[in-house]
Structure formats: structure tokens, C-alpha cells
2 protein chains.
Amino acid sequence: MTQEEKIRYEEMAKVSKALAHPSRLFIIHKLAEQEYCVQDLTKMIGVDISTVSKHLAILHNAGIIAKEKRGNCIYYSLLTKCVLNIFSCVINVIEANKEKINRI
Amino acid sequence: MTQEEKIRYEEMAKVSKALAHPSRLFIIHKLAEQEYCVQDLTKMIGVDISTVSKHLAILHNAGIIAKEKRGNCIYYSLLTKCVLNIFSCVINVIEANKEKINRI
DNA sequence: CCTCTATTTGGCTATTTTGCCTAATAGGCA
DNA sequence: TGCCTATTAGGCAAAATAGCCAAATAGAGG
């Protein structure tokens, strides 16, 4: 692995890491439907609001979601729709695993 | 988030987590071309062989790669080609981020 | 059966991530 | 201006992850 490649894969891992948490996957799934502010998501997830805020910061920092202040709230929305492809692939992998288990 | 949803997102996170490391992304990229055994990958990555073995175990456990013993070696190969879609999406996100930075 | 090679496992430390609580900040609105 | 709501930041402890070394295991091949 060359130095250049190393940097490239680290960059990619940064984005991948942003997806590697159940709450953040949930958030992405929700934001794919419509925008929400921190409180909305907090109610749905059921953890401390500061925790949700940090998850959103991670996703925003990775360039996956957008934030926009309007009125009293900050609305978050999905920036790159293609992350939904990741969802379907991850689901593919899970289904394939289950099939394999069932075959045994 | 219902209990059912929670379990579902945790399952998905397990697969996502398997992708969230530069060496593992590199491994996936290489295995997309052809199968390799632990030593081969170790030489390419340049970390301890036990570390590579553990990365491979994580990917295998997530159901992303297959292993097959043949002769003296255990050959690993990519099981679910669609993870390559994840690559292209991650690259999309990175490119979009760079464009945004350049615009400023 | 013995040896040798390839891989995995266990143990350990360092680092990173998570999530809560409390406090700070930002900005809308009376 | 001053209050009030929404969000973020800082600090801390618990948990998870990464990577090395040394030891164990598996099994091919003489």
C-alpha cells in the first residue's frame, strides 16, 4: 500500500465510520424521508439529546447530511442520496447470511 | 425506535462496522480483483500477520468475504459484490466534500 | 509420525468511541 | 433587554477497537 493509497483509504474509512452505528443508520433512514431537527430525532431514538447532537455532528462532518437553521430549529437533511444504496447492500449481506444459516 | 427496529439497525451496524477501517477497505478492494491468502495481503498492507488475520475474521464474520482452504493456504474472496457500490458512494461523498471546500 | 508452513488465538496496552450530565451558546420573541 | 427554547461543548467513565508479540493449532507432505 503506497502512502497515497493509505491516505485514500483513511479518507474512505472516515466516511464509512460515520455509518457504523445503529443510531446513525436510523438517523440516515429517517432523513431520507424528510428533514428533522435534533429534538425530533431524539424522541424517536430515545437517548440523551446531547448524544444525538454528537451523532449528527459526525454525519455532518463526514459530509453525509446538511444542516439549516430555520426559525427556532436546526433542520438536518440527507445530502448524498446514494448512501441509501449502502443500506440496500448491507441488507443484501444480512439476507445472504440468513439464507446460509437456514441452509445448514 | 421499536425493539424490532433496534435489533435491525444493530445488525446493519455490524456489517457497516466491518467496513469502517482503512485496511479492511483495502482488503475488500483487492479481493474484488482476485482471491488472496493472509500472507499475500499482509505483504501488501504491511502490518503484523495476526492483525490481518483478525481483519479478515471480522469481514468473514460479517458475511462479506468467503474463505476456502486449498493446498497449504486459506484463500479469501469477495462474497457480496455489491459492497463495491459502497465504495463508489463513499467516493462520491468525498468528492462532493472537496468540491464544497474548493467553492469556498 | 514428524516437521514445517500458514493461520488463528490469547493476552496485553494504547487509542478511540459512546453516552451521560452539566454548563455554555445562539438566537427568537415578548 | 431579558427570558426561553434549541443545540452544542466539555468533562468524565465505561466499553469497544486496534495492533503487537508469543503461543497454539491445523494440516500438508515427506
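Under 4.0 Å is where a charged nitrogen must lie from a carboxylate oxygen, and between Lys17(A) and Glu10(A) no such pair does.
Ring geometry, His29(A) versus Phe87(A): the interplanar angle falls under 30°, so the pair is classed parallel (tilted spans 30 to 60°).
Checked by distance alone, Lys54(B) brings a side-chain donor or acceptor within 3.5 Å of a matching partner on the base of dG10(C).
For Ser50(B), no side-chain nitrogen or oxygen approaches OP1 or OP2 of dT8(C) to under 4.0 Å. The side chain of His55(A) contributes an N or O atom lying less than 4.0 Å from OP1 or OP2 of dG19(C).
Residues from residues 3-34 of chain B with heavy atoms under 4.0 angstrom of DNA chain C: there are none. Residues from residues 36-48 of chain A placing a heavy atom under 4.0 Å of any atom in DNA chain C, listed by number, are Val47(A), Asp48(A).
Here the C1' atom of nucleotide dA9(D) and the NE2 atom of His60(A) are 16 Å apart, to the nearest Å. If you take OH of Tyr75(A) and P of dG28(C), they are 13 Å apart, rounded to a whole angstrom. Here dG27(C) presents its P atom at 11 Å from NZ of Lys67(A), a figure rounded to the nearest Å. Between Ile58(B) atom CD1 and dA18(D) atom P there is a gap of 5 Å when expressed in whole angstrom units. Atom OH of Tyr76(B) and atom C1' of dA6(C) are 11 Å apart (whole Å). Note: CD1 (Ile74(B)) to P (dA26(D)) measures 11 Å, nearest angstrom. As rounded to whole Å, 10 Å separates atom C1' of dT7(D) from atom CG of Leu56(A). Rounded to whole Å, atom C1' of dT22(C) lies 14 Å from atom CD1 of Ile49(A).
Here the closest non-hydrogen pair linking Ala13(B) and Leu25(A) is N-CD1, 3.5 Å.
Each of Ala57(B) and Gly71(A) was matched to the nucleotide of DNA chain C holding its nearest heavy atom; the match closer to the 5' end belongs to Ala57(B).
Nearest nucleotide to the side chain of Ser53(B), out of dT5(D), dT22(C), dT9(C): dT9(C). The side chain of Lys69(A) approaches dG27(C) more closely than any other nucleotide in the set dG19(C), dG27(C), dT22(C).
Between the side chain of Thr42(B) and the backbone N or O of Val38(B) there is at least one donor-acceptor pair closer than 3.5 Å. Without hydrogens or angle criteria, Arg24(A) side chain to Ala18(A) main chain gives a donor-acceptor distance under 3.5 Å.
A 6.0 Å sphere centred on CD of Glu4(A) holds no more than 12 heavy atoms belonging to other residues, nucleotides or ligands.
Taken to the nearest 0.5 Å, the CD atom of Glu95(B) stands 12.0 Å off from the OG atom of Ser88(B).
In this structure, the salt bridge (Lys or Arg N to Asp or Glu O under 4.0 Å) partners of Lys98(A), at least two apart in sequence or on a different chain, are Glu11(B).
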Practice problem: Would you sort out whether Leu84(A) and Leu78(A) count as a side chain to side chain contact (heavy atoms under 4.5 Å, CB included), showing the intermediate values? | Solution: CA-CA 10 Å; Leu84(A) 298 177; Leu78(A) 194 58; 4.2 Å; yes
